[in-house]
Protein chains: 2
Amino acid sequence: MRLSTKGRYAVTAMLDLALNGKTGPVTLAEISENQGISLSYLEQLFAALRSKELVRGVRGPGGGYYLGKSADEISIANIICAVDEWVEFTRCGGRQNCSGGARCLTHTLWDDLSTEIFNFLADISLGDLVRRNLNKKQEEDGSLSIVPQSSSQAA
Amino acid sequence: MRLSTKGRYAVTAMLDLALNGKTGPVTLAEISENQGISLSYLEQLFAALRSKELVRGVRGPGGGYYLGKSADEISIANIICAVDEWVEFTRCGGRQNCSGGARCLTHTLWDDLSTEIFNFLADISLGDLVRRNLNKKQEEDGSLSIVPQSSSQAA
DNA sequence: TAAATACCGACTGAATTACTAGGTAATAAC
DNA sequence: GTTATTACCTAGTAATTCAGTCGGTATTTA
């Protein structure tokens with residue numbers, strides 16, 4: 001799976017949406033200002049997120065974006081795959097001098113790594129990050145509640 | 001850590017070197033032909049690998065490249081870091097609206113992932129891949145020895 | 001001396017990133 | 001109904017990276 005700053009922008013924006021969208025829709029203008037991402041770039045990212053139904057847009061004054069599903073149902077992998085479109089690392093279909101050679105070995109290595117990364121990110125939901133933020137805020141406020149993070153499964 | 005096709009090229013080339021370099025130095029021309037990577041691009045990659053002492057070059061006719069250390073002492077992470085130069089994901093030094101915000105949360109998430117990937121790749125050595133190749137060849141030859149892979153630790 | 005190899009630097013087309021510019025469409029407030 | 005606000009859409013663009021080409025120089029073996 002591809003990991004770029006683009007995916008990070010998307011995750012950051014979605015997290016902003018999850019944190020601030022509890023009382024109503026959040027405009028891209030707000031996210032843009034909060035996170036220092038250009039408005040038009042956000043529009044591009046959200047077009048991709050919308051097509052995967054990770055967010056829902058509402059037009060007109062007072063409009064903005066909602067999460068498309070609950071924060072616990074959206075994994076980080078979902079978000080990244082939406083904007084970064086999972087390019088399968090060039091798989092050798094048995095072609096060339098691939099069998100038994102260095103190239104094929106590297107392919108399987110990369111596939112393993114790819115799976116590893118995916119599982120890591122698929123196992124963390126937006127909801128997890130939100131809760132992490134709440135815990136952190138509590139610590140900052142002087143509270144000592146170090147609550148173990150509940151890890152929900154979102155594929 | 002950055003993961004690109006560049007790193008994959010480097011790993012592939014190093015694996016080719018490990019597999020074919022037991023009897024003498026391997027020329028970049030050979031690797032270029034084996035792996036379908038342009039000679040000049042290989043030169044660039046090997047300049048980086050050489051500066052990290054992962055390979056050792058010998059000039060003149062009959063020359064080529066040796067591994068700089070034993071295959072078990074070279075981890076995949078070593079190789080990738082040599083050519084892809086580990087760009088630390090823009091860390092917020094407490095600046096801006098970062099504390100408690102979505103941005104900082106995303107940063108820690110990315111740091112965690114980065115560590116995860118690094119550990120995965122640091123735990124696999126070139127030697128492991130070579131042994132994997134030998135096992136595979138034995139299976140192809142009809143032998144049934146499914147030997148558990150010894151996993152050596154190379155940092 | 002000649003050939004083979006590593007080694008070195010500048011340049012290049014293609015792709016991607018992050019962004020700008022300039023729209024149209026829907027909807028709430030007046 | 002008009003207007004303002006928002007999402008939504010398309011095209012273009014500077015900077016960067018990737019992967020490669022080209023044209024060298026330095027070293028060593030035959």
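These numbers were taken from a predicted model, which means no experiment stands behind them. Computation of the quantities below employed the complete heavy-atom set of this structure, encompassing side-chain atoms and omitting hydrogens, waters and symmetry-equivalent molecules.
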Subject >> Closest-nucleotide 5' rank along DNA chain C - winner of Ser38(A) and Pro61(A) >> reply: Ser38(A)
Original post:
Could you state the CD-C1' distance from Glu30(A) to dT5(D), rounded to the nearest angstrom?
Top reply: 12 Å
**OP:** Answer yes or no: does a side-chain N or O of Arg50(A) lie under 4.0 Å from OP1 or OP2 of dC9(D)?
**Re:** yes
Subject >> Degree of bending in the helix from dT1(C)-dA30(D) to dC30(C)-dG1(D) once both end axes are built from five pairs, to 10° >> reply: 0°
**OP:** Please state how far atom CG in Leu49(A) lies from atom P in dA7(D), giving the value in whole angstrom units.
**Re:** 13 Å
Subject >> Side-chain touch Leu67(B)/Met14(B), heavy atoms, less than 4.5 angstrom >> reply: yes
Original post:
Thr27(A) near the nucleic acid: base, sugar-phosphate alone, or nothing, with a heavy-atom cut-off under 4.0 Å?
Top reply: sugar-phosphate
Original post:
On DNA chain C, nearest-nucleotide positions of Glu43(A) versus Tyr65(B): which is more 5'?
Top reply: Tyr65(B)
**OP:** Nearest whole angstrom, please: distance from the C1' of dA14(D) to the OH of Tyr41(A).
**Re:** 14 Å
Subject >> Atom of Ser38(B), atom of Ser32(B) and distance for their closest heavy-atom approach >> reply: C-OG, 4.0 Å
**OP:** Grab the CG-P distance between Leu28(B) and dC7(C) for me, whole Å please.
**Re:** 8 Å
Subject >> Ion pair Arg8(B)/Asp84(B), N-O distance below 4.0 Å >> reply: no
Original post:
Passes side-chain hydrogen bond (donor to acceptor under 3.5 Å, both in side chains), Asp112(B) versus Thr115(B)? Steps please.
Top reply: CA-CA 5 Å; Asp112(B) 289 351; Thr115(B) 304; 5.5 Å; no
Subject >> 5' precedence on DNA chain D between Gln44(A) and Gly62(A) (nearest-nucleotide basis) >> reply: Gly62(A)
**OP:** Map Ser40(B) and Gly64(A) onto DNA chain D by nearest heavy atom, then report which one ends up closer to the 5' terminus.
**Re:** Gly64(A)
Original post:
So among Tyr41(A), Tyr65(A), Tyr66(A), which one has a ring-ring contact (aromatic ring centres under 6.0 Å, His included) with Phe46(A)?
Top reply: Tyr65(A)
**OP:** Would you mind reading off the distance between Ile80(B) atom CD1 and dC18(D) atom P, rounded to a whole angstrom?
**Re:** 13 Å
Subject >> For atom CG of Leu39(A) and atom P of dT6(D), their distance in whole Å >> reply: 11 Å
**OP:** Say whether Asp123(B) and Asn119(B), considering side chains only, have a donor N or O and an acceptor N or O under 3.5 Å apart.
**Re:** no
Original post:
Between dT6(D) atom C1' and Arg56(A) atom CZ, what is the distance in whole Å?
Top reply: 15 Å
**OP:** Could you check how far CZ of Arg59(A) sits from P of dA7(D), rounded to whole Å?
**Re:** 10 Å
Original post:
Heavy-atom count around Glu53(A) CD within 6.0 Å, excluding the residue itself: above 12?
Top reply: no
**OP:** Give Tyr9(B) one of three labels, base, sugar-phosphate or nothing, depending on what nucleic acid heavy atoms sit under 4.0 Å from its own.
**Re:** sugar-phosphate
